[in-house]
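Notes to accompany the following structure.
FYI, the numbering just counts along the sequence from 1.
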Amino acid sequence: MASMLSWALLCTVATASATTSARTWRPSTAGFAFPEDEWSEVLAQHLGGKDFGVALAGGGTRGLALGHGILRSLRETGLLEKAKYLSVTSGSVWLGIPFYYQSLDSLDDYLGSTLQPTQMLPEEVVKKTGTAVSRITYLSEYPKGYQAGDSDKTVGTLLGSEANSTSKTVESGSIFGCPEDEGWCACMVSRFQPGSGHQLWSLFVAYIFLHPFDLAGRDSTHCHESQLERMRAKFGNSKTIYTAKDVSRKLPFLLSQSAILAPYTGLQADDPLKFFPLEQTPLYTGTVPAYPKNQSGMPHDIGDVLVESFAWDSKMVSPWNATNEDLMLDLSRGIFNAGDLAEWGGIATSYVADFQIREWADKIPRCLIAEGEKLLPQAKLWSPMEVDEKSVPVTYEQAVGDAGVYDDLGHIPLLRRRISKMAIITSEAIHLDLCEMTYVLAAFGQPGCLTPPNAAGASNPKMKAGSLTVFEPSEFPAFWSQVQSAVEANESAVIRGRYSVVDNEVLGIKGGWKVDVVWVIIFPSKTFRESIPPQTSKLLPTYFPNDLASEMKTRFEMSVASQYASWLMQRSVAKEISEMLGDVKEVII
């Protein structure tokens with residue numbers, strides 16, 4: 001804890017106003033092309049002719065670990081070089097940012113080695129899996145009670161009594177010492193006035209997941225490697241600039257999705273939850289679709305703008321000029337500051353900001369929501385749709401957070417770019433409950449089966465029906481039958497099919513075309529379980545690897561999850577992807 005506090009103090013700085021120019025794009029402009037296709041010649045050449053995308057779903061440390069194994073095998077088989085995009089969401093963002101930006105380790109060291117199941121002894125799997133896991137210092141090495149070389153204890157002894165522990169309910173009033181005669185909400189507000197703590201989550205994430213890779217420097221920023229010379233000319237030596245190295249490392253272009261939030265929506269039946277997709281990349285950040293306030297019901301216009309990533313979360317100071325794409329912005333940062341990558345990683349993984357999707361959210365008093373907002377990430381936003389009398393876009397602050405408020409699969413940015421071949425990897429069937437697959441169900445326009453149930457095409461019960469439907473619902477039964485067959489066989493589902501894309505105005509997706517998808521829906525595998533050493537199997541829960549998002553807390557379990565994903569790739573996924581791409585002979589397994 002002392003080391004974290006020391007690091008946090010280094011990240012505490014009051015920065016002065018810093019006005020500079022940045023490139024902007026308006027997606028509604030006729031002939032618009034995404035910047036990666038035309039702005040950087042070297043990047044456009046690197047991506048040219050590719051039409052394949054990989055979507056790594058979130059899921060906290062589970063998503064990081066499984067995504068790590070997928071990337072290892074995609075690279076080993078040569079399939080990663082064939083992809084135009086890698087889309088990461090929520091927990092897989094913790095994997096994606098260091099994968100592209102860190103320079104401490106080679107990619108071989110970061111990804112580690114693929115082990116055969118018989119080689120996966122506890123000590124060996126921790127040692128060989130790679131620095132993406134080993135550098136995360138807050139993790140324990142092994143489950144509680146296990147010591148290296150001690151592989152004969154029963155799982156009950158190794159895990160201790162925590163496996164059967166139950167949580168106790170503690171009254172909020174007793175925690176804060178609220179008198180019984182004082183309204184508890186008023187009491188909480190009066191005792192909890194921290195001011196603005198919008199950077200606290202980003203600082204926490206930066207310390208755990210970015211600082212170990214030397215990617216959380218005070219007042220630092222980032223860019224694509226093709227823009228480094230331009231950034232150096234702009235900032236000189238006044239900033240540390242981290243670069244995304246996709247061209248030099250032969251990687252796809254990195255996409256990450258988050259959400260612009262409306263915290264007071266979804267709390268009443270007649271006011272569905274509102275969300276607005278946000279994309280973050282090494283080149284630019286912003287919201288592609290346009291959401292006029294007279295249609296969205298929000299106080300301000302949202303979206304229809306992309307801006308260079310270093311200049312996002314900024315105040316526009318010059319008039320909007322469609323013919324001059326380099327405009328002036330105020331880049332002032334707050335007192336707590338671990339750099340722009342920390343902000344990216346913090347916003348994209350702030351699942352706590354998505355509280356509205358919870359059943360109990362409508363019971364939270366509005367005054368407490370107002371207090372909670374002080375601890376949630378926020379950003380300065382503006383849109384060319386809303387300008388003042390001087391034609392300067394109006395800047396306002398808005399809550400932002402994890403894309404899990406609407407999606408956790410990562411397929412949406414790929415569909416928005418009309419990628420016609422993709423692999424979607426997800427493990428959202430928590431504890432092997434298929435009803436937990438809310439994002440897959442919503443993508444096909446299906447209702448949920450949790451309590452309370454989600455509307456058809458919605459990923460949570462607070463959302464309007466059809467908000468997430470992107471695939472033709474009539475194609476769902478055949479797909480779902482294959483999912484159920486895999487569960488009955490005690491194996492993961494690897495499904496290749498062609499699906500009809502439908503219009504979705506909420507997400508900015510135009511339908512009327514077909515997409516080829518290899519679905520990798522990760523479940524517990526009987527074959528894998530029987531193939532690994534019994535010493536390793538004893539340490540894993542029966543539902544492994546379908547843990548809760550925060551349940552994987554040891555390097556051991558994350559390493560085994562990573563190896564399981566690589567094993568699954570070698571066993572069947574790589575072949576399905578290569579056949580989809582039409583080059584099965586080129587894949588080396």
Between the main-chain N or O of [Y] and the side-chain N or O of [X], is there a donor-acceptor pair closer than 3.5 Å?
| X | Y | result |
| --- | --- | --- |
| Thr243 | Cys223 | no |
| Glu386 | Pro393 | no |
| His46 | Leu251 | yes |
| Ser92 | Gly67 | no |
| Glu343 | Gly346 | no |
| Tyr351 | Gly401 | no |
| Ser40 | Leu43 | yes |
| Ser383 | Gly303 | yes |
| Tyr100 | Pro252 | yes |
| Asp109 | Gly112 | no |

Side chains of [X] and [Y] only: does a donor on one sit below 3.5 Å from an acceptor on the other?
| X | Y | value |
| --- | --- | --- |
| Thr221 | Asp340 | yes |
| Asp108 | Ser106 | no |
| Thr285 | Ser309 | yes |
| Glu225 | Ser248 | yes |
| Asp105 | Thr131 | yes |

Centroid-centroid distance, [X] to [Y], less than 6.0 Å:
| X | Y | result |
| --- | --- | --- |
| Phe52 | Tyr85 | no |
| Tyr101 | Phe213 | no |
| Trp39 | Trp25 | yes |
| His222 | Phe310 | no |

Ring-plane angle category for [X] and [Y], please: parallel below 30°, perpendicular beyond 60°, tilted otherwise.
| X | Y | result |
| --- | --- | --- |
| His300 | Tyr396 | parallel |
| Phe32 | Phe34 | perpendicular |
| Phe276 | Tyr291 | perpendicular |

Taking [X] first and then [Y], would you say they form a salt bridge - that is, a charged N and a carboxylate O separated by under 4.0 Å?
| X | Y | result |
| --- | --- | --- |
| Asp301 | Lys293 | no |
| Asp304 | Arg26 | yes |
| Asp326 | Arg23 | no |
| Glu576 | Arg496 | yes |

State the [atom1]-[atom2] distance between [X] and [Y], to the nearest 0.5 angstrom.
| X | Y | atom1 | atom2 | answer |
| --- | --- | --- | --- | --- |
| Leu409 | Ile425 | CG | CD1 | 10.5 Å |
| Leu331 | Ser314 | CG | OG | 6.0 Å |
| Thr77 | Ile577 | OG1 | CD1 | 7.5 Å |
| Leu261 | Gln378 | CG | CD | 9.5 Å |
| Glu428 | Leu441 | CD | CG | 7.5 Å |
| Ser318 | Leu327 | OG | CG | 4.5 Å |

Quick one: closest heavy-atom pair of [X] and [Y], and the distance?
| X | Y | value |
| --- | --- | --- |
| Ser226 | Val42 | CB-CG1, 3.5 Å |
| Thr469 | Gly457 | OG1-CA, 3.3 Å |
| Val305 | Pro27 | N-CD, 3.6 Å |

Validation row: [X], [Y] side chains within 4.5 angstrom (heavy atoms):
| X | Y | result |
| --- | --- | --- |
| Val394 | Val387 | no |
| Val54 | Ser87 | no |
| Asp408 | Thr426 | no |
| Val573 | Ile70 | no |
| Glu397 | Leu381 | no |
| Val247 | His224 | yes |
| Leu139 | Ile136 | yes |
| Asn460 | Thr438 | no |

Quiz item: Testing Val133, Leu71, Leu95 for side chain to side chain contact (heavy atoms under 4.5 Å, CB included) with Tyr110, which one passes?
Solution: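 Exactly one pass, corresponding to Leu95.
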Self-check item: Qualifying residues under side-chain hydrogen bond (donor to acceptor under 3.5 Å, both in side chains), relative to Ser21, sequence neighbours excluded
Solution: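 By the side-chain hydrogen bond (donor to acceptor under 3.5 Å, both in side chains) rule, Ser21 matches Lys234.
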Quiz item: Excluding sequence neighbours, so at least two apart, what forms side-chain hydrogen bond (donor to acceptor under 3.5 Å, both in side chains) with Arg417?
Solution: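 Testing Arg417 for side-chain hydrogen bond (donor to acceptor under 3.5 Å, both in side chains), a comparison that skips the adjacent residues, returns Glu36, Glu279, Tyr284.
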Exercise. Let me see the working for Ser350 and Asp402 under side chain to side chain donor-acceptor pair (under 3.5 Å), right down to the final yes or no.
Key: CA-CA 5 Å; Ser350 181; Asp402 195 305; over 6 Å; no
Self-check item: Check against ring pair (Phe, Tyr, Trp, His ring centres under 6.0 Å), Phe444 and Tyr499
Solution: CA-CA 10 Å; Phe444 279 96; Tyr499 305 94; 5.6 Å; yes
Other residues, nucleotides, ligands: >12 heavy atoms within 6.0 Å of [X] [atom1]:
| X | atom1 | value |
| --- | --- | --- |
| Lys239 | NZ | yes |
| Glu38 | CD | yes |
| Arg498 | CZ | no |

Self-check item: Those residues that, when tested against Ala403, pass side chain to side chain contact (heavy atoms under 4.5 Å, CB included) (two or more places apart)
Solution: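 Result, side chain to side chain contact (heavy atoms under 4.5 Å, CB included) vs Ala403: Thr89, Gln257, Tyr406.
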Quiz prompt | side chain to side chain contact (heavy atoms under 4.5 Å, CB included) against Lys464, all qualifying residues, sequence neighbours excluded | solution =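 Applying side chain to side chain contact (heavy atoms under 4.5 Å, CB included) to Lys464 gives Pro272, Ser467.
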Quiz item: How would you list all residue pairs meeting side-chain hydrogen bond (donor to acceptor under 3.5 Å, both in side chains) that involve residues 56-73, not counting sequence neighbours?
Solution: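 Output for this query lists Arg62-Ser427, His68-Arg72, His68-Ser562, Arg72-Ser562, Arg72-Ser566, Ser73-Ser566.
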Practice problem: Scan residues 506-515 for pairs that pass side-chain hydrogen bond (donor to acceptor under 3.5 Å, both in side chains), counting only residues two or more places apart or in two chains. | Solution: Ser500-Lys514
Exercise. Report the C-alpha distance between Glu308 and Arg230 in whole Å, list the side-chain angles of each, state the deciding distance to 0.1 Å, and finish with yes or no for salt bridge (charged side-chain N to carboxylate O under 4.0 Å, His left out).
Key: CA-CA 12 Å; Glu308 285 186 81; Arg230 179 171 170 273; 2.6 Å; yes
